[in-house]
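This one's a predicted model, so the numbers in the text were calculated from it and none came from an experiment.
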Amino acid sequence: MESTPPSTTPTLTGNDDNEGHHHHHHRHLPHVSYPHPGPHHDPTQPDISFPFQTTNVQEGGFTDEYRVVSDTGLISADKALRPIPSHISITPPALRDPEKAEQLKKVKLVTFLENDPEDPRNYSKGYKWFLTGICALSVVSAAFASAVISGDFADLEEEFDIGIVVVSLTVSLMVCGFGVGPLIWAPMSELIGRRPVWIVPTFIYVLFNIPCAVAKNIETLMIARFFCGVFSSAPFALAGGTISDIWDNEERGFAIALFAAAPYGGPVLGPIVGGFVGQSIGWRWIFWINMIFSGVVALAILLIPETYAPVILKNRAARLRKETGDEDIKTEQELFPMSMSALLQETLIRPFAMLATEPILLLLSLYISLVYGLLYAFFFSFPITFLENYHWNDGQTGLAFISIWIGLFLALFATPQLEKRYLAASKAKGGKADPEDRLPGMMIGVWFIPISLFIFGWTSPPAVMPGGGNWVGPVSSGIPFGFGMVILYFSANAYIIDAFPGYVASALAAKTVVRSGAGAGIPLFIPAMYHNLGIGWAATTWAFISIAMIPIPFLFYFYGKRIRALSKRAAPA
């Protein structure tokens, strides 16, 4: 059963001093009121802050409990539950069974009040941007650490007497950790809240930089790098969710654009810093400096409050049960908890099951991973061009990566325009855009990836030999790459979320695992590939692979509706 539509609900003008009055209500007479959407909440959009992995939605269905506001802070459970949003809209068993439905009428779900000071969406604009900045910085910090060591591979090879493939593992193993970590941190944050999962893994990660810096052998370094990846990946699991906790879905365009750029901007910063540090004070200092940077970010993370609505409301429900003695005051997560076996299936099996059965998720994840893998490939192909052929030093080679940042900044101006275009499409369709309306950004971005690879391949030696300003050619290839990469990811991510509104957590987990696999795997054979094929043909091979994938967003733009109609989990067509 759908919650009451906005048009039939009384609109209340609440002010902050209502707060005491509402609690007074609860203490004596916990009566329920109709919910209505918050000021910036579009109920047709998927809620990224829903506790997907820890609520038994198969039994109880979905609820807008965590997003709506009501005038008493309590709504009747039988009014609030509705089917999972896929086109097989089956009424949840809890509402079908007359006995259970009767019990549900007694249950009062806790919601935020109007102008509720505990509601993260009521924070001031400035504070929201401050928190968004910390979220983006934390993702940059983790991604930066993965690539920072690529600034000084030569010294590592010399110190431990190893080849380039083994050295590459210092990057790959950390990126592997990025794939493993979120599978643990995401469900944990739904159970205990985002704040502890922001803080604890981050501080453990800071400490894991010490064995990296003092490693006496390559094995110690490898193991420590993997654990750095696992513990530093908490922001990958939490940042998007935290941003959607504080910005409602009508207003989070630019905040999500920042979040989309961060996992790509971070690694690019790595070799710029790593190159200069490695050549001036040695590779061990790369890890000490990384530890200082991550330590500062960890201190900033301490300033992030608990923003996760289900956990804030769960605590409030416990407080109200104590105050009123009414055991029927709950949140949906408490009403339909997920069993441990179901939780493991949800977090460890469903993402892979979805990859196997959902062509939309599989092809978009492969596309995102190709681009992510190619980004890491640049950390190995730029040194081949500039260190070996141009005889630049590590610091100068690092500076070549600034071009990718230029592209990235250009993309930050383009993404809000895409968001405006999407909102216009949504208005034109009567407030309900199709998930496919997210794809135009991807349809623009796909062309820039092969263009950048062709530029890099055919302006590098031996096609164009060093001399004069010839370095401008290969360096400039980073600009279209940085631009294409971010708007492509921004659109693809938004499309995955909109296409699987009932399974967002599993879909995003699947994407993260595949993306990290490519980021870890591709660099291992890049040096051999660029040496054996030559820079021109190696880059061209990747350009052809990315050209082969250009049709993907167009295919889904035109046929996505039909493909979703064949899926049990996708949004209704």
K.L.:
Classify the angle between the aromatic ring planes of Phe386 and Phe382 as parallel (below 30°), tilted (30 to 60°) or perpendicular (above 60°).
P.N.:
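The arrangement is perpendicular - the two ring planes meet at more than 60°.
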K.L.:
Are any of the side-chain nitrogens in Glu436 or Lys561 under 4.0 Å away from the carboxylate oxygens of its partner?
P.N.:
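No salt bridge links Glu436 with Lys561.
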K.L.:
How far does CG of Leu207 sit from CZ of Phe203, to the nearest 0.5 angstrom?
P.N.:
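If I round to the nearest 0.5 Å, the distance is 9.0 Å.
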K.L.:
Against the six-membered ring of Tyr422, is Arg438 placed for a cation-pi contact (under 6.0 Å from the centre, within 45° of the normal)?
P.N.:
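Satisfied, under 6.0 Å and within 45°.
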K.L.:
Any sub-3.5 Å donor-acceptor pair from Ser150's side-chain atoms to Ala147's backbone N or O?
P.N.:
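Side chain of Ser150 to backbone of Ala147, a donor-acceptor pair under 3.5 Å: yes, one is there.
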K.L.:
Show your working on side-chain hydrogen bond (donor to acceptor under 3.5 Å, both in side chains) between Trp198 and Thr242 and close with a plain yes or no.
P.N.:
CA-CA 10 Å; Trp198 266 115; Thr242 303; 3.1 Å; yes
K.L.:
Looking only at atom types and distance, does a side-chain atom of Arg284 sit under 3.5 Å from a main-chain N or O of Ala213, one as donor and one as acceptor?
P.N.:
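Between the backbone of Ala213 and the side chain of Arg284 there is a qualifying donor-acceptor contact (under 3.5 Å).
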K.L.:
Apply ring pair (Phe, Tyr, Trp, His ring centres under 6.0 Å) to the pair Trp537 and Trp458, showing each step before the final yes or no.
P.N.:
CA-CA 8 Å; Trp537 284 109; Trp458 298 109; 5.3 Å; yes
K.L.:
Could you tell me whether Trp285 atom CH2 has more than 12 heavy atoms of other residues or ligands within 6.0 Å of it?
P.N.:
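No, because the 6.0 Å sphere around CH2 of Trp285 holds 12 heavy atoms or fewer from other groups.
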K.L.:
Donor-acceptor pair, distance only, cut-off 3.5 Å: does the side chain of Asp161 make one with the backbone of Glu158?
P.N.:
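Side chain of Asp161 to backbone of Glu158, a donor-acceptor pair under 3.5 Å: no, none is there.
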K.L.:
Determine yes or no for a side-chain-to-main-chain donor-acceptor pair under 3.5 angstrom, with Glu190 supplying the side chain and Gln53 the backbone.
P.N.:
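It does hold such a pair.
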K.L.:
Report the relative orientation of the aromatic rings in Trp185 and Phe231; use parallel for angles under 30°, tilted for 30 to 60°, perpendicular for over 60°.
P.N.:
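Plane angle between 30° and 60°, so tilted.
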K.L.:
Taking Asn493 for the side chain and Phe490 for the main chain, is one N or O donor matched with an acceptor at less than 3.5 Å?
P.N.:
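A pair under 3.5 Å: no.
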K.L.:
Whether the Tyr503 and Lys568 side chains hold a donor-acceptor pair (N or O, under 3.5 Å, no angle test) is what I'd like checked.
P.N.:
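There is no such pair between these side chains.
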K.L.:
Distance only, no hydrogens: is a donor on one side chain within 3.5 Å (strictly under) of an acceptor on the other, for Thr132 and Trp247?
P.N.:
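Yes, Trp247 and Thr132 have a side-chain donor paired with an acceptor closer than 3.5 Å.
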K.L.:
Would you confirm whether Asn389, through its side chain, and Ile384, through its main-chain N or O, come within 3.5 Å as a donor-acceptor pair?
P.N.:
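The answer is yes, because a donor-acceptor pair under 3.5 Å joins these two groups.
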K.L.:
Parallel, tilted or perpendicular, judged at 30° and 60°: which one describes the rings of Phe556 and Tyr495?
P.N.:
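Tilted.
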K.L.:
Tell me if a side-chain donor or acceptor on Thr220 pairs with a main-chain N or O of Lys216 at a distance below 3.5 Å.
P.N.:
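Flag not set: sc Thr220 to bb Lys216 has no pair under 3.5 Å.
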K.L.:
Given ring pair (Phe, Tyr, Trp, His ring centres under 6.0 Å), test Phe554 with Phe558 step by step and report yes or no.
P.N.:
CA-CA 6 Å; Phe554 295 91; Phe558 294 111; 7.2 Å; no
K.L.:
Is the charged tip of Arg515 near the ring of Tyr372: under 6.0 Å from the six-membered ring centre and within 45° of its axis?
P.N.:
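So Arg515 does make the cation-pi contact.
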